[in-house]
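This report concerns only the one structure given below.
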Amino acid sequence: MSVTLASASMRSAKLVTKDMVVGTLLACAVAPAIRAAADVGAHVYGLSDRAMWVILMCSNHLVCNLLFAMPFIVCDTFGWMQKFKMHRKKAEVPSDSLMRRLWAETALGQFVTSPIAAWVLYPLTKKLGAADIAAPLPASLWDIAVVMAAAHLFNDVGFYSTHRLLHASPFLYRTIHKKHHSWKGTVAPAAEYAHPLETIISNQFPTLGGAIFLGAHPVLLCAWVAIRLQRTYEAHSGYCLRGTPLLDFLNVLGIVDSEEAVVHDFHHTVNTGCYGLQLLDYTLGTMTSFEQGGGEAGYLRKHGHFTASSTAGAVGKM
């Protein structure tokens with residue numbers, strides 16, 4: 001099914017709504033445990049709110065990596081769920097040396113640079129009105145949902161704009177973005193394999209900016225980041241999770257997003273267009289190459305996915 005203005009708009013509305021609902025439920029579910037842990041940290045171990053904020057942000061990232069990225073690596077390693085894997089040409093299979101660099105940079109980011117960045121960022125969040133971790137969440141569920149919507153929209157526009165800029169400028173692509181595109185066939189953790197400047201400008205700023213500028217409670221920020229990480233890990237996984245009743249239902253709910261996985265896989269293997277938000281890609285003409293190649297159905301046929309002749313069009317209409 002070809003993308004239209006109506007389908008792209010409906011997809012955007014669906015994703016925003018899903019993030020509002022899931023983000024609100026997630027934040028409310030984890031808030032009691034996080035606030036209790038903050039209380040223990042403060043009164044038993046004498047930790048400052050700043051120290052606990054760093055621990056919370058880094059722990060949130062680690063848990064998301066383990067829950068949302070590592071299962072795809074396990075499937076790659078043991079050959080599980082390979083009928084959902086988009087097939088790779090020899091040149092698209094990551095080398096052992098590239099995988100080693102990925103693990104080294106993942107460890108460095110998780111245990112060194114992320115804690116430092118969180119420590120530096122904390123004063124800005126307080127200046128913009130963020131509460132202490134132990135403070136109650138906003139009383140209104142609608143206020144929580146609005147934060148999720150704002151974070152989502154800020155990320156959509158910010159990521160598309162900065163990502164397109166990194167491709168539009170030969171200098172920026174060569175010196176900054178080319179590192180990320182050393183992955184012609186991506187794996188889930190490679191979502192964060194990037195030049196330090198790209199990490200700040202095109203990853204962290206769009207992801208964090210909307211919630212931080214609104215002075216979001218730290219728990220709301222964590223809930224939003226978890227949603228964002230799940231989506232980008234799946235988009236880089238190389239797996240198109242569709243073609244069974246359960247997976248198709250999860251796609252309808254927006255819990256998994258096989259459409260985004262296909263589109264972003266195209267972006268890496270072909271290295272043109274499809275820079276982020278589908279609505280912007282469509283209206284600004286940056287998904288023409290994808291559509292000319294047959295869209296989702298065409299890409300899946302070329303990459304041997306088992307749903308190519310049966311469910312690709314059907315799921316695309318949902």
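Keep in mind the model is a prediction, meaning the values are calculated, not measured.
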Quiz: residues 37-46 side-chain donor-acceptor pairs under 3.5 angstrom, not counting sequence neighbours:
| residue | atom | partner | partner atom | Å |
| --- | --- | --- | --- | --- |
| Asp39 | OD1 | His43 | ND1 | 3.0 |
| His43 | ND1 | Asp39 | O | 3.0 |

In chain order, what residues pass the salt bridge (charged side-chain N to carboxylate O under 4.0 Å, His left out) check against [X], with sequence neighbours excluded?
{"X": "Asp281", "result": "none"}
{"X": "Glu92", "result": "none"}
{"X": "Arg11", "result": "Asp257, Glu259, Glu260"}
{"X": "Arg228", "result": "none"}

Query raised in the report: With side chains defined as the heavy atoms from C-beta onward, is the minimum distance between Val54 and Cys58 less than 4.5 Å?
Result: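 Sidechains of Cys58 and Val54: in contact.
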For [X] and [Y], which I'm curious about, is there any donor-acceptor pair between the side chains at under 3.5 Å?
{"X": "His236", "Y": "His180", "value": "yes"}
{"X": "Thr106", "Y": "Tyr193", "value": "no"}
{"X": "Ser12", "Y": "Ser9", "value": "no"}

According to salt bridge (charged side-chain N to carboxylate O under 4.0 Å, His left out), does anything in [range] pair up with another residue at least two apart or in another chain? List the pairs.
{"range": "residues 95-121", "result": "Glu105-Lys179"}
{"range": "residues 151-165", "result": "none"}
{"range": "residues 199-215", "result": "none"}
{"range": "residues 70-80", "result": "Asp76-Lys85"}

Distance-only check: which donor-acceptor pairs under 3.5 Å involve side-chain atoms of residues 127-144, not counting sequence neighbours?
| residue | atom | partner | partner atom | Å |
| --- | --- | --- | --- | --- |
| Asp132 | OD1 | Lys126 | NZ | 2.7 |
| Ser140 | OG | Trp142 | N | 3.2 |
| Ser140 | OG | Asp143 | N | 3.3 |

Query raised in the report: Are any of the side-chain nitrogens in Arg242 or Glu296 under 4.0 Å away from the carboxylate oxygens of its partner?
Result: yes
Under 30°, 30 to 60°, or over 60°: which ring-plane class applies to [X] and [Y], parallel, tilted or perpendicular?
{"X": "His163", "Y": "His177", "value": "perpendicular"}
{"X": "Tyr233", "Y": "His61", "value": "perpendicular"}
{"X": "His167", "Y": "Tyr275", "value": "tilted"}

**Report entry** Partners passing side chain to side chain contact (heavy atoms under 4.5 Å, CB included) against Leu108 (at least two apart in sequence or in another chain)
**Finding:**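 Once residues adjacent in sequence are excluded, the partners of Leu108 under the side chain to side chain contact (heavy atoms under 4.5 Å, CB included) criterion are Val112, Thr113.
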Table please: side-chain donor-acceptor pairs of residues 199-216 below 3.5 Å, with sequence neighbours left out.
| residue | atom | partner | partner atom | Å |
| --- | --- | --- | --- | --- |
| Thr199 | OG1 | His195 | O | 3.2 |
| Ser202 | OG | Thr162 | OG1 | 2.9 |
| Thr207 | OG1 | Asn203 | O | 2.7 |

Query raised in the report: So, Phe84 versus Tyr239, ring centres under 6.0 angstrom or not?
Result: no
Report task. May I ask you to decide if Leu166's main-chain N or O and Ser169's side chain share a donor-acceptor pair within less than 3.5 Å? Result -> no
Query raised in the report: Short question: side chain of Tyr299, backbone of Asp265 - any donor-acceptor pair under 3.5 Å?
Result: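 It does hold such a pair.
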